[in-house]
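Below is one structure, written out as structure tokens; comments come after it.
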There are 2 protein chains.
Amino acid sequence: MSLDLRLMRYVIAVAETGGFQAAAERLHIAQPPLSRQIRQLEGELGVALFERRPTRLTGAGQVFVDAARETLAAAERTVAVTRRAARTATGTLRVGYGPTTAHSEMPLLLAALAEAHPEVTVEAVESWDPGLVDGLRTGGLDAALGRHLPTPRDCRALTLRAEEYVAVVHAGHRYAGRGAVALRDLRGETFRFLARDLAPDYHDAVLAAARSTGEDFAVWHNPVPGLRNHLGVLTDGFMLLPRSVAEHLLPAAARLTLTDPLPPVPLRLVHRGARDAPALAALVRTARALSAAEGWTAGTSPDAGSDA
Amino acid sequence: MSLDLRLMRYVIAVAETGGFQAAAERLHIAQPPLSRQIRQLEGELGVALFERRPTRLTGAGQVFVDAARETLAAAERTVAVTRRAARTATGTLRVGYGPTTAHSEMPLLLAALAEAHPEVTVEAVESWDPGLVDGLRTGGLDAALGRHLPTPRDCRALTLRAEEYVAVVHAGHRYAGRGAVALRDLRGETFRFLARDLAPDYHDAVLAAARSTGEDFAVWHNPVPGLRNHLGVLTDGFMLLPRSVAEHLLPAAARLTLTDPLPPVPLRLVHRGARDAPALAALVRTARALSAAEGWTAGTSPDAGSDA
DNA sequence: CTGGGCACATACCCTGAAGGTATGTCGCTG
DNA sequence: CAGCGACATACCTTCAGGGTATGTGCCCAG
């Protein structure tokens, strides 16, 4: 049996693009070899994966595609965990971080780690939340820093900070002079938000918090990626941001303290088990110390799944 | 990245055989290409998987091997579930069965199915329990018939029969004339049993049943595979077998009813969910009817995980 | 109904990666 | 320290996978 990862990618490409021609382009090969490979595979399996003219997945083809996706994921995991195993043996860490921490908490954490453990080398990787979660799951990352970052299976989490939301409006907004508002005052205004898929858990948590006051909002999701691009769009309407993010990244805008009692935004360090990984253990210890030194949390309860 | 299933198999072979030479033989290739391939892979990964002279897995190599095994399993699953999907669309079933059912229950079941549902085609596969379980898990089998057969995830089970054990001894044995014994009467005699890995659940269940009487036995595990080979070895000592198995397969030996109250041996039909698979549903219905008609069970409770 | 274009199939060629053979070198052992 | 076993190196060979040219069936416009 010569079933191969390459063939799986081919079938998936055809299924996703809906045609052999388009798939061949995506795969950077010509169409005839692609057709031939898939025909050959169908022959070996004794199963038709596609109907042709027009191109459509058969039932068995759908089953194949699902299973093949899992196989490819397992293959990626294989290289990721192997690289990670090699890294941790040499005291190198890969740490991911969300864009909102890039100019504040993440550099502080790296500086504190360099001071306390100069022997640890860190490779820092910026990514939106799904990328961070994926890295943690597959082993591409040893740890990740993010707000409302979920904790994948086999990982542990440590809350470094818990802060309040502020409403942020343009300096020319009618409320800009006020120091505080209630969410109900913002009724009817456009709630400007990141695209959900950049940070689904954060998105849902903020929206749930806002709606817990009983108000509902017309949410405008920014179709343009990039955090700075998003923050630059605040000419009308409002945003809800953790206070430190607003201070760091939107200093010119007006910050309005919320009178509504919203649950705070957790900043979490999510990391893989630190067994046999002294570098990772050092990072976690440093993060905990930093959190206490900065007074970010009331020195209280780490979350479920934390390392006690 | 050109990481490939073939390379994973290579690494696993070297890890398992403990050397490049031996691995090359097992893979039916020469040693130099194997060494080169693995060297190349290590280069692409940037990680040493083996120490050479002598050959030993590194830590990262061990991690790679584990992940690669999962990947290969996923790949096998891919072809198995695809084939199964194609089959079930055409009304063909693959049914596995254990050697002890080959001359009794399995043919009865197939005959009953052919009578009730001539449109269903069945491909029957004989295998020991781990093979049956694997087939069910990966999709290679739609159903399997066996004694003390465990129920893999996503499968359902139906108990067709529950029968008592008998002690079986050679016709010349000092107890051969007796109709019944207690297990304690057999103390000191060799308990002859199949190798555990042919049917781990069955093995453990029988042993647990025997030991539940308080007696312990010196268990002799047959190193030779094959059920007939095993049964032929009964010149001294004793075996514990389900009564029907003893009657069918060791008619010349003496069967001794046990006076100890042992839990009965279940004969189960384990099968995948029958959603969208009328042929499989037909098999299950036929099996249930057969079980009732033969009076194998008291018409009572199917097990947990059964289809009600 | 018909002609044209799009998309997949067929035919044939070509390149490179994987495998083979011959031989070198390291390291263990007696 | 000599000999052998096991992995590395060098070089050759083969064929699977990819490319180009072209055929063919299906759909749609007019």
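These figures come from a predicted structure and were not determined experimentally. Letters A, B, ... mirror the listed sequences (proteins, then strands); counts begin at 1.
Between the side chain of A:T58 and the backbone N or O of A:A48, at least one donor-acceptor pair lies under 3.5 Å. With hydrogens and angles disregarded, no donor-acceptor distance shorter than 3.5 Å links the side chain of B:Q62 to the backbone of B:L49. In this structure a side-chain-to-backbone donor-acceptor pair under 3.5 Å is missing from A:R272 to A:A143. Counting only distance, with no hydrogens or angles, the side chain of A:T71 and the backbone of B:A74 share a donor-acceptor pair below 3.5 Å. No side-chain donor-acceptor contact under 3.5 Å links A:Q31 to the backbone of A:A24.
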**Report entry** Step-by-step salt bridge (Lys or Arg N to Asp or Glu O under 4.0 Å) determination, B:D154 to B:R137
**Finding:** CA-CA 8 Å; B:D154 296 332; B:R137 276 199 313 107; over 6 Å; no
Could you list the protein-to-nucleotides 3-6 of chain C atom pairs, N/O on both sides, closer than 3.5 Å?
none

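Legend: salt bridge (Lys or Arg N to Asp or Glu O under 4.0 Å) pairs involving residues 25-35 of chain B, not counting sequence neighbours, sorted by first then second residue: B:E16-B:R26.
Rounded to an integer number of Å, the gap from CG of B:L3 to P of C:dA17 is 16 Å. The CG-P distance, from B:L27 to C:dG19, rounds to 9 Å in whole Å. One can place CG of B:L41 at 11 Å from P of C:dA18, the figure rounded to the nearest angstrom. Atom C1' of nucleotide D:dC7 and atom CG of B:L49 are separated by 16 Å, given to the nearest angstrom. Between the CD atom of B:E51 and the C1' atom of D:dA6 there is a distance of 16 Å, given to the nearest Å.
A:H221 and A:F193 have parallel rings, their planes meeting at less than 30° on a 0 to 90° scale where 60° marks the start of perpendicular. A parallel orientation is assigned to the rings of A:W220 and A:H230, their planes being inclined by less than 30° (bins at 30° and 60°).
No donor-acceptor contact under 3.5 angstrom links the side chains of A:E51 and A:T55, judged on distance only.
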Report task. Produce a footprint string for nucleotides 8-19 of chain D: one letter per nucleotide, 5' end first; B if the base is under 4.0 Å from any protein heavy atom, S if only the sugar-phosphate is, - if neither. Result -> BB-B-----BBB
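Between B:D4 and A:R6, none of the side-chain N atoms (NZ, or NE/NH1/NH2) sits under 4.0 Å from a carboxylate O, so this pair counts as no salt bridge.
Environment of CD in B:E119: crowded, with over 12 heavy atoms of neighbouring residues, nucleotides or ligands closer than 6.0 Å.
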**Report entry** Secondary-structure notation, DNA chain D, from Watson-Crick and G-U pairs under 3.5 angstrom (| other strand)
**Finding:** ||||||||||||||||||||||||||||||
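Residues of residues 55-64 of chain B that place a heavy atom closer than 4.0 Å to DNA chain C do not occur.
Under the side-chain hydrogen bond (donor to acceptor under 3.5 Å, both in side chains) criterion, A:R196 pairs with A:D204, sequence neighbours left out.
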